[in-house]
Protein chains: 2
Amino acid sequence: MRSISPAPRPQAAALASGAAPLVVPDPCAHCDARSVSVCSALEDKDLHRLATLAEVMEVAPGETFIEEGETPEHFFNVTGGTVRLYKLLPDGRRQITGFARPGHFLGLAVGEANAFSAEALETVRVCRFSRSRLRAVLDDFPAFERRLLRSAANELVAAQEQMLLLGRKTARERVASFLLAQARPLRACDPPPGRFHLPMTRTDIADYLGLTIETVSRTMTRLRTEKLIALPSPAEVVVLDRGRLEALAGGFEEERI
Amino acid sequence: MRSISPAPRPQAAALASGAAPLVVPDPCAHCDARSVSVCSALEDKDLHRLATLAEVMEVAPGETFIEEGETPEHFFNVTGGTVRLYKLLPDGRRQITGFARPGHFLGLAVGEANAFSAEALETVRVCRFSRSRLRAVLDDFPAFERRLLRSAANELVAAQEQMLLLGRKTARERVASFLLAQARPLRACDPPPGRFHLPMTRTDIADYLGLTIETVSRTMTRLRTEKLIALPSPAEVVVLDRGRLEALAGGFEEERI
DNA sequence: CGTTATCTTGACGTACATCAAATGTCGTGG
DNA sequence: CCACGACATTTGATGTACGTCAAGATAACG
């Protein structure tokens, strides 16, 4: 992880693997992710206050920047790329609890220790805040705290939906739900794209859906055979029949063939 | 659901089945659940403010007081009894997302619509707040909002732990995890009881763990046969070997027999 | 002390896991 | 440009943990 703003701090350099700091002037004002992130709670005039606390960091693919069980010292706001969040069992079984995309605020699901690890899937850009210093901002801007509570509420809704998926849906229903979720745009108001790119491997998808890689693969090819989706390449998905895919994801009875 | 404080409101009576209002004087000051609930964020002198907003309600066993998909109008604070929170698929498959015990604050996992239904398992006592009116309290007492955020963070941690359970643990590991969670006292500082009562049926446990009632039953009897637990009656559990139960729940390799 | 719901136990089935191998994809260097 | 190797994905054959179906056994209750 390399710090690229606002000034190279020693501790940031220490954490970074190949730290090569670059200064980004006024990062918050030019942030692509701002409109979809908790930072939208602040007005332009207050944004510089946030910018002084934020360090823009770049995380290389495969690099872990939050470690399950460790003491949390920072909050992160994802501004670019995709992050996998996961928990491990002692024998290596892995459950991915979510994929964080731009706008996702990381660091809420935390007590004394981090509840999960976070690892960059692609090159990821995050905005890092010291927990103690962000505390001060929260005290000054109640709107920000309220936005954070809303963000936590959304995550809770998503977590419960995922519990339903993991506990009660079939493999087909899980994959359909997953594909539709991946097809969702960052802003709810934007139309869902018919074609999109999967930044994660089949192994990631399997560990997210509580399945094996083989079952995910077989299920995808079956959805392709049935013309619900097309797969121009393993990572490219085209939704051909959104209606049936949604019915499947929602757990409606499948029509007999 | 019957309103028993502070004054019988018409809309409360409308919602209640056999509404027979009773006035409870100064409910918050004498609340058993206060020390374990979000209300502990308020000091004694501010508590009366909360009390004017709170309606103490009693919910009969089996009664649903939050309906998935409906527009949320209230927050609830559980002060007595146990509540099951669940989501349904159209064909009736059910996933219980959690059991709410005294101190649990309900109504965070909500966007436009309730993310889950809530049903009393036993006779339940809840403290009901109108969402709009609680909003005003939050503006006046930032400590309360902060406590709510902490509560949401705890729920998120629990939700992720449950995703790990549902996605990657075996039936044995799930049941062991469940029993240990049920053995946890309301306050983290209190010692865990060696013997406790399960307020829910095997069906509830199955729908919580993503299993069937038969698998839950078989797994419990196997744990009993192996002397990890005792079952004086189906609803009474005695933890005999906490160490092995914890190893099982944590997903450690089981010793070969 | 029947009646009914809940729980337990047994026999059998299946959706998904496991094991194994072929195929496809992509970066690298000749 | 193409051959090569490393790795991801797909496909096939087989196994199994848990689900389903079906009785009993217990407990709860008027």
Side-chain angles (χ1 to χ4, degrees), chain A residues 61-62 84 89 91-95 121-123 165-179 197-226 229-237 248 251 253-254, chain B residues 61-62 84 89 91-95 121-123 165-179 197-226 229-237 248 251 253-254:
Chain A
R84 71 172 148 243
L89 286 173
D91 63 358
R93 278 174 285 172
R94 182 178 70 159
Q95 178 66 37
L121 221 94
E122 317 155 282
T123 298
L165 180 148
L166 291 169
R168 288 296 180 227
K169 288 188 183 176
T170 65
R172 259 166 85 70
E173 290 164 350
R174 292 182 203 203
V175 172
S177 305
F178 168 76
L179 291 176
H197 178 81
L198 296 177
M200 68 290 287
T201 68
R202 294 287 186 270
T203 306
D204 287 331
I205 300 175
D207 284 350
Y208 179 56
L209 299 179
L211 300 169
T212 59
I213 170 176
E214 294 93 334
T215 299
V216 170
S217 179
R218 276 187 250 270
T219 307
M220 297 264 264
T221 61
R222 187 166 156 215
L223 291 178
R224 176 165 55 76
T225 313
E226 295 168 356
I229 60 170
L231 295 167
S233 87
E236 292 295 317
V237 181
L248 233 181
E253 303 293 344
E254 298 193 49
Chain B
R84 71 173 149 242
L89 286 173
D91 62 359
R93 278 174 284 172
R94 182 178 70 158
Q95 178 65 39
L121 225 110
E122 316 154 284
T123 297
L165 180 148
L166 292 170
R168 288 297 180 226
K169 288 188 183 177
T170 66
R172 260 167 84 72
E173 290 164 350
R174 293 181 202 203
V175 171
S177 304
F178 169 76
L179 291 175
H197 177 81
L198 295 177
M200 68 289 287
T201 67
R202 294 287 186 268
T203 306
D204 286 331
I205 300 174
D207 284 350
Y208 180 56
L209 299 179
L211 300 170
T212 59
I213 171 176
E214 292 94 333
T215 299
V216 170
S217 180
R218 278 187 249 270
T219 307
M220 298 265 263
T221 61
R222 186 164 157 217
L223 292 177
R224 175 165 55 76
T225 313
E226 295 168 357
I229 60 171
L231 296 166
S233 87
E236 293 294 317
V237 180
L248 233 181
E253 303 293 345
E254 297 193 50

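Quick note on labels: first sequence line is chain A, next is B, and so on, each numbered from 1.
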field: Spacing of B:D91 atom CG relative to D:dG19 atom C1', expressed in whole Å
entry: 15 Å
- request: Give a yes or no answer on whether the side chain of B:R94 reaches the backbone of B:Y208 with a donor-acceptor pair at less than 3.5 Å.
  value: no
message: Both A:R168 and A:T203 contact DNA chain D. Which one's nearest nucleotide lies toward the 5' end?
response: A:T203
task: Can you figure out which of C:dT18, D:dT10, C:dT8 approaches the side chain of A:R202 most closely?
output: D:dT10
message: Check whether A:R202 reaches the backbone of A:E214 with its side chain - one donor and one acceptor, N or O, closer than 3.5 Å.
response: no
- line: Whole-Å distance, A:L198 CG to C:dT25 C1', equals 16 Å
- prompt: Among the nucleotides D:dG12, C:dT8, D:dG19, which one has an atom lying closest to any side-chain atom of B:R218?
  reply: D:dG19
message: Can you tell me whether the side chain of B:E214 and the base of C:dC7 have a donor-acceptor pair closer than 3.5 Å?
response: no
query: Taking the side chain from A:E173 and the backbone from A:T170, do they hold a donor-acceptor pair closer than 3.5 Å?
result: yes
task: Rounded off to whole Å, could you give me the CG-to-C1' distance for the A:D207 and C:dA17 pair?
output: 14 Å
Atom pair distance, as rounded to whole Å: CZ in B:R222 and P in C:dT9: 14 Å
task: Look at all strands and tell whether A:S217 reaches a base, only sugar-phosphate, or nothing, counting heavy atoms closer than 4.0 Å.
output: base
query: Say you draw a straight line from NZ of A:K169 to CG of B:L166; how long is it, rounded to the nearest 0.5 Å?
result: 13.0 Å
query: Atom CD1 of A:I213 to atom P of C:dT23: distance rounded to whole Å?
result: 18 Å
message: I need the A:T221 OG1 to A:L231 CG distance, nearest 0.5 Å.
response: 8.5 Å
message: In whole Å, I'd like the distance from the CG atom of A:L166 to the P atom of C:dA15.
response: 19 Å
query: Picking from A:T201, A:D207, A:D204, what satisfies side chain to side chain donor-acceptor pair (under 3.5 Å) with A:R84?
result: A:D204
Euclidean distance, atom CD of residue B:E236 to atom P of C:dT6 [Å, nearest integer]: 18 Å
- request: Looking at every strand, decide which applies to A:T221 at a 4.0 Å heavy-atom threshold: base, sugar-phosphate, or nothing.
  value: sugar-phosphate
Could you list the protein-to-nucleotides 15-18 of chain D atom pairs, N/O on both sides, closer than 3.5 Å?
residue	atom	partner	partner atom	Å
D:dC18	OP1	B:A171	N	2.9

field: Interatomic distance where CD1 belongs to B:I205 and P belongs to C:dC7 [whole Å]
entry: 8 Å
query: When rounded to the nearest 0.5 angstrom, what is the spacing between CG in B:L211 and CZ in A:R168?
result: 7.0 Å
